[in-house]
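Sequential numbering from 1 along the given sequence is applied to the chain's residues. Model, not experiment: these values are computed from the prediction.
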Amino acid sequence: MNDDFSQRPFELVEFAENSEQRCPCLLLLDVSASMSGSKINELNDGLIAFKNELLADSLASKRVEIGVVTFGPVEVKQEFVTVDQFYPEHLSPQGNTPMGEAIVRGINLLQERKDKYKNAGVKYYRPWIFLITDGEPTDAYHEAASRVRSGEDRKEFSFFAVGVEGANLGTLSQITSPNRPPVKLRGLAFRELFQWLSSSLKAVSQSKPGDVVVLPPNGWSAID
């Protein structure tokens, strides 16, 4: 049997170099035309701050993995990588809001990543999916809603939806689990949102898979 390291599947080489358990986080980001101006600028700045804060934590930088899917149109901007390999691409607004397609694409991407963990014998925490939008779906979203709710019920992932000013929270609540309703972002507090997300992921990455983790206070949401 050939045990040459260079002949092993890529994912096995990847996990051999870093065998830490993984904490995957998928970002589903609305980059439709309505996000133009200060919204997309703040989102881009928030992503850079998100990377830098996670990178400053040596354990989180090895365990947290980031994947990015944008919609307007749907595009995988970043396959799952550890934080040191995550270089946020500058996002530009365009198109409509095909949120349903983006959610399904993202869940499939996440499932592929989980399969790689299993094949490599790498433990992982329950994944997080984080949706940020200022609108509502311009495509069919019933399959997406079904996948989100069944995934939550089976504890395959935790799905969070954040509505920026202009978002239809009523429609978002039809997609999310009743136990985890959408939350409205306070103004353009993207930086505070990503600071909270990085702090939360750092706390999760320092626990054991399956532990109950107390998340930091949320200082970025608004109450109507």
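Remark: the Gln174 side chain and the Tyr141 side chain contain an N/O donor-acceptor pair separated by less than 3.5 Å. Inspection of the Glu192 and Asn218 side chains reveals no N or O donor paired with an N or O acceptor under 3.5 Å. For the 3.5 Å distance criterion, the side chains of Ser61 and Asp84 fail to qualify, holding no donor opposite an acceptor. No donor-acceptor contact under 3.5 angstrom links the side chains of Ser146 and Glu143, judged on distance only.
Counting heavy atoms of neighbouring residues, nucleotides and ligands inside a 6.0 Å radius, atom CD of Gln111 exceeds 12 of them. Residue Arg191 places its CZ atom among 12 or fewer non-hydrogen atoms of other residues, nucleotides or ligands, all under 6.0 Å distant. By the 6.0 Å contact criterion, CG on Asn44 is enclosed, its count of non-hydrogen atoms from other residues, nucleotides or ligands being greater than 12. Counting non-hydrogen atoms of neighbouring residues, nucleotides and ligands closer than 6.0 angstrom, the CD atom of Gln21 exceeds 12 such neighbours.
Under 4.0 Å is where a charged nitrogen must lie from a carboxylate oxygen, and between Glu165 and Lys184 at least one such pair does. In summary, Arg113 and Glu65 engage in a salt bridge, as defined by a charged side-chain N under 4.0 Å from a carboxylate O.
Only one option out of Lys123, Lys62, Arg63 pairs with Glu20 in a salt bridge (charged side-chain N to carboxylate O under 4.0 Å, His left out); it is Arg63.
Judged by the 6.0 Å distance and 45° axis criteria, Lys51 is positioned over the aromatic ring of Tyr87.
A donor-acceptor pair under 3.5 Å links the side-chain atoms of Ser198 to the main chain of Phe194, judged by distance alone. A donor-acceptor contact shorter than 3.5 Å links the side chain of Asp139 to the backbone of Gly100.
A pairwise comparison of heavy atoms in Val204 and Cys23 identifies CG1-SG, 3.7 Å as the closest pair. A pairwise comparison of heavy atoms in Thr133 and Ala167 identifies O-CB, 3.6 Å as the closest pair.
For Phe160 and Trp128, the gap between ring centers is short of 6.0 Å.
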